[in-house]
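Read the structure below first, then the notes.
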Amino acid sequence: MGSLHTEELDTISVCPQNPLDPEEFRRQGHMIIDFLADYYRDIEKYPVRSQVEPGYLKKLLPESAPYNPEPIETILRDVESVIVPGITHWQSPNYYAYFPSSGSVAGFMGEMLSTGFNVVGFNWMSSPAATELESIVMDWLGKMLKLPKSFLFSGNGGGVLQGTTCEAILCTLTAARDKMLNKMGRDVIGKLVVYGSDQTHCALQKAGQIAGINPKNFRPVSTTKESAFGLTAAALRTAIEADVTAGLIPLFVCATIGTTSSTAVDPIGPICEVAKEYDMWVHVDAAYAGSACICPELRHFIDGVEEADSFSLNAHKWFFTTLDCCCLWVKDPSALVKALSTNPEYLKNKATESKQVVDYKDWQIALSRRFRSMKLWMVLRSYGVANLRDFLRSHVKMAKQFEALLGGDGRFEIVVPRTFAMVCFRLLPKTVLVPGVVANGGAAAAAAAEAGELERVNELNRRFLESMNAEGKVYMTHAVVGGVYMVRFAVGATLTEERHVNFAWNVVLEHAERILGEF
Ligand SMILES: *Cc1c(COP(=O)(O)O)cnc(C)c1O
């Protein structure tokens with residue numbers, strides 16, 4: 001890098017006159033596709049979790065941007081030598097961290113078309129196909145999920161593609177807030193209360209912060225191991241009643257299907273029943289697990305959704321659609337529009353005035369928006385419902401396979417029941433200090449001994465996980481629920497096959513033996 005003077009003249013001559021020269025696009029486009037095809041083919045040769053240290057890239061790149069152009073060949077060489085080492089390989093079949101980001105050929109092709117057209121479809125007029133395709137695929141996917149008609153355009157609801165769940169929750173919370181404020185008066189904003197469980201994604205807290213909800217009125221309701229860390233209607237009711245007694249106004253509850261820590265499921269039906277009594281908005285966050293509900297045998301996890309106000313899932317998580325693509329359905333689109341619409345002169349047009357069209361700018365935070373429906377359409381058409389169900393089922397099956405391997409070995413514990421394609425487990429130490437034996441009487445002493453033991457096992461598992469990830473053959477991440485540190489094994493990377501799960505099991509065994517030996 002750092003071009004030499006002698007090279008400068010050459011590079012100028014290869015630079016096309018126009019930055020969107022069609023033939024140069026063809027040439028470079030093929031090169032990048034070839035590069036990525038090789039990358040996917042050879043991806044297992046890299047450590048899954050990047051092994052670089054913070055600040056590594058600054059040492060490798062020049063202080064300022066080049067004055068003269070550089071050829072794509074040189075740039076691609078640098079991608080390989082300086083960028084790839086700093087990549088954590090989310091598309092690796094040995095990737096089990098966080099929730100995987102399942103790419104696919106169809107999703108990628110759709111992304112290319114979307115990027116290629118590069119339209120900015122803020123309203124219908126700005127690209128009718130972008131708006132109409134979005135409405136159509138959202139109805140298609142809604143039907144695949146057996147969402148009630150009230151969530152579809154063919155009912156009185158509708159769907160929109162947002163970038164992320166964070167945006168979807170912020171938009172719905174804002175809609176709910178304005179609906180309530182219009183009814184109760186703007187000055188009650190400090191009294192509005194937002195509920196979720198203590199397992200709810202931090203997206204809810206952030207949405208509250210942005211939407212002007214009093215930070216004191218954010219209620220993460222406690223969950224327990226007994227309810228598998230799901231939010232019970234009884235606990236929700238207790239929290240709401242206490243707030244109402246204190247003169248506060250319950251506004252919004254976020255129910256999660258497949259929590260991030262442990263894929264816990266909040267019972268939508270009973271939660272909606274409580275919420276209805278208080279005229280609250282219920283949002284269902286099914287970011288990870290929602291897509292699996294296209295399988296009839298898993299659909300029961302969203303039973304009760306017909307009573308909710310909005311529902312969202314991330315197609316970029318477990319639905320083969322590249323980042324970003326969050327699908328949000330609402331029963332009352334006018335609530336979103338009332339809270340989020342603007343009508344500047346420069347965007348006025350006959351289609352909008354006719355009220356015959358959807359202007360998606362009024363359903364989201366930003367004005368500009370990508371043609372995301374192109375990739376979802378490609379995914380739905382290229383694979384069809386039958387294959388999509390089978391892909392998801394194969395991930396669930398592989399998770400079960402891993403779960404069975406763990407279950408057959410006495411050194412591991414499955415910490416919470418598996419619901420989808422993620423297994424939460426921990427390694428157990430050879431000797432467990434039994435609390436009752438340690439202290440000579442006294443509940444406090446026993447509790448202290450128990451806490452000490454819990455921390456000891458947590459530390460064992462921290463070391464166990466870091467040992468695996470530092471080696472780089474697989475990548476898993478952790479969560480803590482009910483004080484227990486556990487390793488999350490999330491199957492869902494598109495390239496993962498059964499042999500990879502067996503390989504991961506061998507990695508687990510190898511590191512477990514080593515860490516137990518040292519502990
Ligand atoms: C991943 C996840 C989110 C956040 O999704 P973004 O699209 O990154 O905003 C929210 N909720 C749950 C349950 C998740 O798993």
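Residue numbers count from 1 along this sequence. What you see below is based on every heavy atom in this structure, not just the backbone, and it leaves out hydrogens, waters and symmetry mates. All of these numbers come straight from a predicted model, not from anything done at the bench. Counting convention: from 1, in listed order, for ligands and their atoms alike.
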Going by the order shown, which atoms of ligand 1 are within less than 4.0 Å of some heavy atom of [X]?
| X | value |
| --- | --- |
| G258 | 13 (C) |
| H201 | 2 (C), 3 (C), 4 (C), 10 (C), 11 (N), 12 (C), 14 (C) |
| F99 | 15 (O) |
| H316 | 7 (O) |
| N314 | 5 (O), 6 (P), 7 (O) |

Residue pair G107 / T322: nearest heavy atoms and the distance that separates them: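 Nearest pair, atom of G107 first, then T322: O-OG1, 3.8 Å.
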Contact summary for K331 and P333, nearest pair of heavy atoms: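 Scanning both residues completely, I find the closest heavy atoms to be O-CD, 3.4 Å.
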Positive for ring-ring contact (aromatic ring centres under 6.0 Å, His included) with W90, one of Y40, Y98, Y39: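 The single option meeting the ring-ring contact (aromatic ring centres under 6.0 Å, His included) with W90 is Y98.
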For ligand 1, the portion of D285 having any non-hydrogen atom under 4.0 Å away: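 The answer is the side chain.
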Within 6.0 Å of CG in N156, more than 12 heavy atoms from elsewhere: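 It does not: N156 CG has 12 such atoms or fewer within range.
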Test your reading of the structure: does [X] have an N or O sitting under 3.5 Å from an N or O of ligand 1?
| X | result |
| --- | --- |
| C166 | yes |
| T165 | yes |
| K317 | yes |

Give the table of side-chain donor-acceptor pairs shorter than 3.5 Å for residues 284-294, with sequence neighbours excluded, one pair per line with atom names and distance.
{"residue": "D285", "atom": "OD1", "partner": "A287", "partner atom": "N", "Å": "3.0"}
{"residue": "Y288", "atom": "OH", "partner": "A421", "partner atom": "N", "Å": "3.1"}
{"residue": "S291", "atom": "OG", "partner": "W318", "partner atom": "O", "Å": "2.9"}

Pair W505 + F425: ring centers closer than 6.0 Å: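 For W505 and F425, the ring centres are not under 6.0 Å apart.
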Closest approach of any protein heavy atom to atom 8 (O) of ligand 1, naming residue and atom: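 Looking only at protein heavy atoms, the one closest to atom 8 (O) of ligand 1 is T164 CB, 4.3 Å.
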Please output the side-chain donor-acceptor pairs of residues 249-261 that fall under 3.5 Å, not counting sequence neighbours, one pair per line with the distance.
{"residue": "T259", "atom": "OG1", "partner": "T263", "partner atom": "N", "Å": "3.3"}
{"residue": "T259", "atom": "OG1", "partner": "A264", "partner atom": "N", "Å": "2.8"}

